[in-house]
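Side-chain atoms are counted along with the backbone in the values below, which use heavy atoms only and exclude waters and symmetry mates.
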Amino acid sequence: MASATILKSAFLPKRSEWAAATRSSVGRPATAMSLTVRAGSYSDELVKTAKTVASPGRGILAMDESNATCGKRLASIGLENTEANRQAYRTLLVSVPGLGQYISGAILFEETLYQSTTEGKKIVDVLVSQNIVPGIKVDKGLVPLAGSNDESWCQGLDGLASRCASYYQQGARFAKWRTVISIPNGPSALAVKEAAWGLARYAAIAQDNGLVPIVEPEILLDGEHGIDRTFEVALKVWAEVFFYLAENNVLFEGILLKPSMVTPGAESKEKATPEQVAEYTLKLLHRRIPPAVPGIMFLSGGQSEVEATQNLNAMNQSTNPWHISFSYARALQNTCLKTWGGRPENVKAAQEVLLARAAANSLAQLGKYTGEGESAESKKGMYVKNYSY
């Protein structure tokens, strides 16, 4: 049973009036009701949750790696991919003293949402006790997109409503769905449309079951292209995404975005300063993102820990209509994982490293990061071609 402080009731959420009205009007002219954007009986809660996650000086810890990907992380420090080892590492992450000062939400893999710490406390309850909102990865991963230029699409819409309802009962309050766009492979119009439509359907279903959807069309770093090409593709992708979000009656005040920063391709000879990344990324946001959206939680996409923090800080040097923050995985965990090394005696030191990294990104969210005291490890790039979770 999830913590009583975050559950509205012990019953499954009811279907929304909007959904009922839509079904009843099939084949008939649209009524005034069908033109009203609704998110079921959860509208107020969705807005409140989104604002809580997008609170000043805080961001998201993305720890939703699949068991297979978590296994790769563990293998890098010489540990076997067992449930016990995954549990030990996830316990280390969620139980950092004071983490809630800098982290407002944590994205979990399904195993973690139902897991307890090594001390027997429910991980959901540990997060809530630190004022960290539990989230859940709900997509089922990338598969080849037939008819495209070797591109992919994200699966997982089948059964999504019932899964979201169950995750809500377990204590999750927001969701994540990651799809990707490849610039070297086009991107084709088919791939862009499929990504946007899938994200919009997921977002509508998540909201109808009480979960704030993180909308994440990641434009991969793969390629030799320059920053202008990334900007051009991002404009197209985000135009399509928001068109279909509107078509699916998604409540913009009850979503969070998780976009890529606008950077050159990882294999480009062209390099961009944090100021250039900020200039291009903010220009994209102002052209495409409605001010109603409460939070833009950037992914790091293979940047080094320091790079991701510097770029975020540069974006927060000006006043923006949104909460511009972070939703980092490797850019929060990398040095922490290596410090731990799978040894119990290193847990405290690893937690201190994670807390320091979170604090640095908190300062960047406030536009006050200076870069002092960064280690050599935190400056190492983490780009992996065709990276998957």
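The shortest non-hydrogen separation linking Ser66 to Phe109 is CA-CE1, 3.7 Å. The two atoms that bring Leu190 and Ser148 nearest to each other are CD2-N, 4.1 Å, heavy atoms only. The nearest pair of heavy atoms linking Val277 to Ala272 is CG2-CB, 3.9 Å. Across all their heavy atoms, Ser55 and His323 have their closest contact at O-CE1, 3.0 Å. When all heavy atoms of Gly254 and Pro213 are compared, the closest pair comes out as O-CD, 3.3 Å. Between Pro217 and Val241, the closest heavy-atom pair is CG-CG2, 4.1 Å.
With salt bridges taken as basic N to acidic carboxylate O contacts below 4.0 Å, none links Glu232 and Lys236. We find that Lys137 and Glu110 are not joined by a salt bridge, their nearest charged nitrogen and carboxylate oxygen being 4.0 Å or further apart. Salt bridge present: Asp64 and Lys176 bring a charged side-chain N and a carboxylate O closer than 4.0 Å.
Note on ring orientation: taking the six-membered ring where Trp is involved, the planes of Phe252 and Phe242 are perpendicular (angle over 60°, cut-offs 30° and 60°).
Sorted by first and then second residue, the pairs that involve residues 182-227 and meet ring-ring contact (aromatic ring centres under 6.0 Å, His included), not counting sequence neighbours, are Trp177-Tyr202, Trp197-Tyr244.
Looking only at distances, a side-chain donor or acceptor of Ser362 sits under 3.5 Å from a matching main-chain atom of Gly57. Side-chain atoms of Glu270 come within 3.5 Å of backbone N or O of Ile227 as a donor-acceptor pair. Between the side chain of Ser325 and the main chain of Arg58, a donor-acceptor pair closer than 3.5 Å is present. With hydrogens and angles disregarded, a donor-acceptor distance shorter than 3.5 Å links the side chain of Arg288 to the backbone of Leu235. Not a single donor-acceptor pair under 3.5 Å links the side chain of Glu224 to the backbone N or O of Gly265. For the pair Ser268 (side chain) and Pro264 (backbone), a donor-acceptor distance under 3.5 Å is absent. Formation of a donor-acceptor pair under 3.5 Å by the Thr112 side chain with backbone atoms of Gln115 is not found in this model. Although no hydrogens or angles enter the test, the distance criterion places no donor-acceptor pair under 3.5 Å between the side chain of Ser300 and the main chain of Tyr328. Between the side chain of Asp139 and the backbone N or O of Arg178, at least one donor-acceptor pair lies under 3.5 Å. With hydrogens and angles disregarded, no donor-acceptor distance shorter than 3.5 Å links the side chain of Gln317 to the backbone of Ala314.
More than 12 heavy atoms of other residues, nucleotides or ligands sit less than 6.0 Å from atom NZ of Lys271. The local environment of NZ in Lys283 is crowded, with over 12 non-hydrogen atoms from other residues, nucleotides or ligands closer than 6.0 Å.
Under the 4.5 Å side-chain criterion, counting only non-hydrogen atoms from C-beta, Ile219 is not in contact with Pro259. Between Thr118 and Leu92 there is no side-chain heavy-atom pair separated by less than 4.5 Å. Under the 4.5 Å side-chain criterion, counting only non-hydrogen atoms from C-beta, Trp153 is not in contact with Thr179.
The line from CG of Leu160 to CZ of Arg201 is 9.5 Å long, rounded to the nearest 0.5 Å. Interatomic distance, Thr335 OG1 to Arg330 CZ, rounded to the nearest 0.5 Å: 13.0 Å. In this structure, Thr52 OG1 and Glu45 CD are separated by 10.0 Å, a value rounded to the nearest 0.5 Å.
Side-chain contact annotation: Asn361 with Tyr369, donor-acceptor N/O pair under 3.5 Å absent. Side-chain atoms of Gln310 and Glu305 include no donor-acceptor pair closer than 3.5 Å. Side-chain atoms of Gln87 and Thr117 include no donor-acceptor pair closer than 3.5 Å.
Figure legend: cation-pi geometry between Lys258 and Phe298 absent, as NZ or CZ is not positioned both under 6.0 Å from the six-membered ring centre and within 45° of its axis.
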### Query
Hey, mind stepping through Arg90 and Glu111 against salt bridge (charged side-chain N to carboxylate O under 4.0 Å, His left out) and telling me if it holds?
CA-CA 11 Å; Arg90 289 160 177 166; Glu111 178 182 74; 2.5 Å; yes
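The cluster map of Ile, Leu, Val, Met, Phe, Trp and Tyr, joined by side-chain heavy atoms under 4.5 Å apart, puts Leu145 and Val180 in different clusters. There is no path of hydrophobic side-chain contacts, each under 4.5 Å, that joins Val306 to Val353.
Of the residues listed (Val96, Thr339, Asn346, Leu93), the one engaging Gln351 in a side chain to side chain contact (heavy atoms under 4.5 Å, CB included) is Val96, and it is the only one.
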